[in-house]
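Order of the sequence lines fixes the chain letters, A, B, ..., with proteins taken first and strands second; residue numbering starts at 1 for each chain.
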Number of protein chains: 2
Amino acid sequence: MNRKTPVKRTRAKQRRLSADDRRSEFVTKATELFAEEGFGGGTRALARRLGVTQPLLYRYFPSKDDLIKEVYRKVYLEPLEIGREKLLSDRSRPLRVRLQEFYEGYTDAIFNRKWLRIYLYSGLKGLDINRWYVGMVKDKILTRIVRECRHDAGLATQSRPSAAELELAWVFHGGIFYYGVRKYIYEAPVLEDKAQMISDALDLFLAGFERMAESATDRRGAPIKVVG
Amino acid sequence: MNRKTPVKRTRAKQRRLSADDRRSEFVTKATELFAEEGFGGGTRALARRLGVTQPLLYRYFPSKDDLIKEVYRKVYLEPLEIGREKLLSDRSRPLRVRLQEFYEGYTDAIFNRKWLRIYLYSGLKGLDINRWYVGMVKDKILTRIVRECRHDAGLATQSRPSAAELELAWVFHGGIFYYGVRKYIYEAPVLEDKAQMISDALDLFLAGFERMAESATDRRGAPIKVVG
DNA sequence: ATATCTGGTGATCGCTCGATAAACTGAGCC
DNA sequence: GGCTCAGTTTATCGAGCGATCACCAGATAT
């Protein structure tokens, strides 16, 4: 598979790579380029990063758009392929611990300049894959969190969380996400200890959710009060 | 090719505007264009939106970059020029009410496709004005909120909030902000009642902050526990 | 060694971009 | 009327873009 470097090292530049290697190199470097420049980044600049000429790109991708799609695939699937979210439902451990662990791992995966910038750029393009990802966060993560919180608070675990409960989870999730944006996109100073930020955010969320559950129990009605 | 009548046909009505009007029309339409296309949007597309020709732009702006700077100025200053944040410190009214009112007004100002997209695009460019804005949010809004919360919880109003307290306020603020991003950038379904979303988020934040204040009082030490 | 396969290059096309210079046009003033 | 000045257009430049094609050269098989 991997071409071994010939011992003789004829010239400064060894040029020929196997097709698979070259292709994935294109995707990797393209991710870096587009993260910095946006998807307007040029194919010539990309080729320069690889030390090859620009037309070579078209040996591996029919068009720039196809390359971009590969970048999407890689970036969007990267933080999910571990299947970390299942940890959230492991009721043998305290909810607080599960949430802390999940968010530490999740943010380890997505809190870096490259991922966040590609995510925001593609979000601004309004592509389907972005909506797919947001729906996935809702279904796989937030719905699970709300269910576990309700269980933890001794409430009936209804099949589907109410819209208001989900919104609450979104605000919590978004608050954590925004920490990454502030740090890696805005490059603003943030509290350096990410784990503590998550811990504090969880304190807020769990305290608030608990209190809400109590007041909902008092009124023996809807779990979250409706506007009025 | 001979489609046009050689006769003097009043060449597509040439609307003459005053310099000031035309200039501000450029900025307005440029904001709309750049919100949709990003700052890569072309000067020709912009001119088409005004019903004029492209070189006219350069009578009013030395370069496209200067036009972009004007767009920044307009967009970044728009939601701030009211000076709404002073309401937060008006202690004659309950804190809860002040926060609710402030965030309803603030989000009314910034939660729209145009503002949010320009904000994110310019944030991705990493310009100074974006850092300035983030610093302003911190100094003018979040610092104030923390101070009022501490006062409300009966804690000493120290001159400067701790980094951890500020971070907490950021998570809260970011959670609300992300509601706008989900709705207007991702165009994902959200809880329609924005006021209730804010109300629920405030419940979380205030309950969490209160509880933290209590535990901090118990330990008579730092207002927020340090990691350990 | 020679043929062949394939990763890689050089030259170039058509198009769009930001920007410039010069010509045109319409409204107010004498 | 005719003059003038400011707003607008026509024509065009040079650079950069994505994409295509003919060709080259290093590795492998015969």
Would you mind classifying the nucleic acid contact of Tyr60(B) as base, sugar-phosphate or nothing, using non-hydrogen atoms under 4.0 angstrom?
->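 The answer is sugar-phosphate, as Tyr60(B) gets under 4.0 Å only of primed atoms, P, OP1 or OP2.
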
Please work out if Gly40(A) contacts a base, only the sugar-phosphate, or nothing of the nucleic acid, heavy-atom cut-off 4.0 Å.
->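 Nothing, no heavy atom under 4.0 Å.
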
Calculate the interatomic distance between [X] atom [atom1] and [N] atom [atom2]; express it in whole Å.
X	N	atom1	atom2	answer
Phe34(B)	dC17(C)	CZ	P	12 Å
Phe61(A)	dT20(D)	CZ	C1'	18 Å
Glu25(A)	dG7(C)	CD	P	14 Å
Leu17(B)	dC5(D)	CG	P	22 Å
Leu57(A)	dA19(D)	CG	P	8 Å
Ile68(B)	dC17(C)	CD1	P	14 Å
Arg44(A)	dT16(C)	CZ	C1'	13 Å

Taking the minimum atom-to-atom distance to the side chain of [X], which one of [options] wins?
X	options	value
Arg16(A)	dT9(C), dG18(C), dG26(D)	dG26(D)
Leu56(B)	dG8(C), dG18(C), dT8(D)	dT8(D)
Tyr58(A)	dT20(D), dT8(D), dT9(C)	dT20(D)

Flag for Ser18(B)-Arg23(B): side-chain donor and acceptor within less than 3.5 Å =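 There is no such pair (donor and acceptor under 3.5 Å, judged by atom type) between the side chains of Arg23(B) and Ser18(B).
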
Got a donor-acceptor contact below 3.5 angstrom from the Ser199(A) side chain to the Ala195(A) backbone?
->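 A pair under 3.5 Å: no.
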
Comparing Arg59(A) and Gln54(A) on DNA chain C - which has the more 5′ nearest nucleotide =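 First, find each residue's nearest nucleotide; the 5'-ward one identifies Arg59(A).
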
Distance-only criterion, 3.5 Å: show the donor-acceptor pairs between side-chain atoms of residues 46-58 of chain B and protein atoms not counting sequence neighbours.
| residue | atom | partner | partner atom | Å |
| --- | --- | --- | --- | --- |
| Gln54(B) | NE2 | Thr43(B) | OG1 | 3.2 |

Would you say a side-chain N or O of Thr43(A) is under 4.0 Å from OP1 or OP2 of dG18(D)?
->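 Looking at the OP1 and OP2 atoms of dG18(D), one of them is under 4.0 Å from a side-chain N or O of Thr43(A).
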
Which salt bridge (charged side-chain N to carboxylate O under 4.0 Å, His left out) pairs, counting each pair once, include a residue from residues 131-144 of chain A, with sequence neighbours left out?
->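 Every salt bridge (charged side-chain N to carboxylate O under 4.0 Å, His left out) pair that includes a residue of residues 131-144 of chain A, provided the two are not neighbours, is Arg131(A)-Glu187(B).
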
